[in-house]
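Naming: A, B, ... by sequence-line order, numbering from 1 per chain.
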2 protein chains.
Amino acid sequence: MSYLIQHRQQKILELLAGKEHVSVTDLSKSLDVSEVTIRTDLNKLDKLGKIARIHGGAYLIEERLKQEYTFQTRKSLNHSNKQKIGALASTFVDSSDCILLDSSSTVLTLAQAIKKRNDLKDITVIPTGIWTAIELMGCSNINVLLPGGYLRHTTGSITGLPTNDFFRDLLIQKAFLGAWGISYGEGLTDTHLLEIELKKFIITRAREVIILVDGSKFRQIGLSAYANINQVSKIITDASAPAEEVERIRNSGVEVLIAN
Amino acid sequence: MSYLIQHRQQKILELLAGKEHVSVTDLSKSLDVSEVTIRTDLNKLDKLGKIARIHGGAYLIEERLKQEYTFQTRKSLNHSNKQKIGALASTFVDSSDCILLDSSSTVLTLAQAIKKRNDLKDITVIPTGIWTAIELMGCSNINVLLPGGYLRHTTGSITGLPTNDFFRDLLIQKAFLGAWGISYGEGLTDTHLLEIELKKFIITRAREVIILVDGSKFRQIGLSAYANINQVSKIITDASAPAEEVERIRNSGVEVLIAN
DNA sequence: ATTAATTTACGATTACTTACAATATTTTTT
DNA sequence: AAAAAATATTGTAAGTAATCGTAAATTAAT
């Protein structure tokens, strides 16, 4: 599983777009390379004018760049694998369900898969991202219930206190969530605190939690965890997921499905 | 197992289309040829401009994925008039304001006008339609607070009980509303009951109500009224509005502005 | 038999890591 | 509040590993 520098640097920018600031130490751990490598990466990106280097890490102040690494670009990463994951996940949706779809790009492919299934009648979808909402807008058999909250312009996700309030009185049957990183030890991690808070809360309101992650998310660790592995009922991923990690998770009793 | 070169290179492109990044090592293994062969393939594809070569592999150079939400800027005959109305309305927005924009197409032009004004600092916009929300998403100086509620397929507006609940605790400085019909006698009318309910409610929560209607809306009457003329503080319209009706409204004490 | 495609081999290049001294930052002491 | 000590972060250099391009050797295709 050879890493490409381009890939890594893009990941750094992606991370930065989500949380404005990154530290060399965290990046080193998350991306599994030495700190020196991260430093040269950051210095390179600094020279290119893409980030602002500071002692201990880097900042991304320019709004222009944040938008560059928005949802649209994330969507194109690993797209075919993500589509397979979405297709498999859609088989777990039934008529009359009330499901939640988070704002991750992997979960968006689930929305697309649901659209194609015309056997589903009268389902209610609660999307926590605006792009998913739009994806599902045209479907007459799908009720879209949008949560209130602040709209993040980088990712199009809906978060904040109003969002948590919105979910307080709801009971969701199935919550489909993505993650920035997943590992047996650290659990499910993400990079943005507001989203972490929201996901934590959603899990308490959902009867069944299904995780959708492509293989690249294994061995990545985000800023903070929103759940342990054993808090979820299913994990759906693709064949590029590292086998030994999958095995470890399975041994702990959590169902892991590989989409092909 | 002998492949044709073109076949193999096509396969590389296909793999790339899904993964965005590919490494020489992985390609060599999966296509069962030596790394040198892969390298010459990649270099060839690079020369053709189909991929971008980097140390260790290659990445896809895709023409900027078009924003797929194919903005349904409703092809209205009065578009230029609406734009003028939006531009004039934007002069009533100040820094630090908290304003509400409804889901009508006329008010959408106000959102576009606000985007262009970079003298406005730190304003909060509550849009009751998803298209307005997206229009304002990119702007760093604008906080977008999305109300919760059901998303209507046809118009992209957010309505229903959850929406009313959302506004219950809010106090809005300025509410910019459209209307399906406007007349001195019937007041401001609309065609959809949920939207009527919502607008009635919004008016009770707003300190100032500003109506944006193009001239064609005069002498149209909808299903039911959401407000009387004298409940609003300003009406902004264009030169095509019938003069005698405008005069009648002005005489009742409501300010009517004509955008040019 | 001739040409094209691929592989093997190898020195050159690039990328990454470890190690370490220099600098910056924070904490503790005075 | 300043000085001293402890901690963290930095850039550089040397060593290791991976990847590169080239060319000769091998294999496949016509």
Rounded distance (Å) that lies between atom [atom2] of [N] and atom [atom1] of [X]:
X	N	atom1	atom2	answer
A:R8	C:dC16	CZ	C1'	8 Å
A:H7	C:dA15	NE2	P	17 Å
A:E35	C:dC20	CD	C1'	15 Å
B:D26	D:dT19	CG	P	9 Å
A:L27	D:dT10	CG	P	11 Å
A:I5	D:dT19	CD1	P	12 Å
B:D32	D:dA28	CG	P	13 Å
B:K29	D:dT19	NZ	C1'	14 Å

All salt bridge (Lys or Arg N to Asp or Glu O under 4.0 Å) counterparts of [X], not counting sequence neighbours:
X	result
A:K217	A:D214
B:R207	none
A:E186	none
B:R205	none

Test item: side-chain donor near acceptor, A:D26 and A:S23, under 3.5 Å: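 The criterion, which ignores hydrogens and geometry beyond distance, is satisfied for A:S23 and A:D26.
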Quick one: bend of the helix from C:dA1-D:dT30 to C:dT30-D:dA1 from 5 pairs per end, to 10°?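 Terminal axis comparison yields 30°.
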Using a cut-off of strictly less than 4.0 Å, decide whether B:T37 has a side-chain nitrogen or oxygen near OP1 or OP2 of C:dA5.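 False: B:T37 side-chain N/O out of range (4.0 Å or more) of C:dA5 OP1/OP2.
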Taking atom NZ as the centre, does A:K29 end up with more than 12 heavy-atom neighbours from other residues, nucleotides or ligands that are less than 6.0 angstrom away?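 Count not over threshold, so no.
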Identify which nucleotide among C:dT8, C:dC16, D:dT19 has an atom closest to any side-chain atom of B:H55, counting heavy atoms from C-beta outward.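 Among the listed nucleotides, the one closest to the side chain of B:H55 is D:dT19.
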Sugar-phosphate, base or nothing in reach of A:I54, heavy atoms under 4.0 Å: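 Sugar-phosphate, backbone atoms only, no base.
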For nucleotides 11-14 of chain D, tabulate all protein N/O to nucleotide N/O atom pairs closer than 3.5 Å, reporting atom names and distance.
| residue | atom | partner | partner atom | Å |
| --- | --- | --- | --- | --- |
| D:dG11 | N7 | A:R39 | NH1 | 2.8 |

Please list all pairs passing the salt bridge (Lys or Arg N to Asp or Glu O under 4.0 Å) test where one or both residues lie in residues 173-185 of chain A, with sequence neighbours left out.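 Sorted pair list: A:D94-A:K174, A:D97-A:K174.
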Once side chain to side chain donor-acceptor pair (under 3.5 Å) is applied, what residue pairs with a partner in residues 247-257 of chain A remain, sequence neighbours excluded?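 Every pair satisfying side chain to side chain donor-acceptor pair (under 3.5 Å) with a residue in residues 247-257 of chain A: A:E245-A:R248.
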Identify, with sequence neighbours excluded, every residue that meets side chain to side chain contact (heavy atoms under 4.5 Å, CB included) alongside A:A87.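 Residues passing side chain to side chain contact (heavy atoms under 4.5 Å, CB included) with A:A87: none at all.
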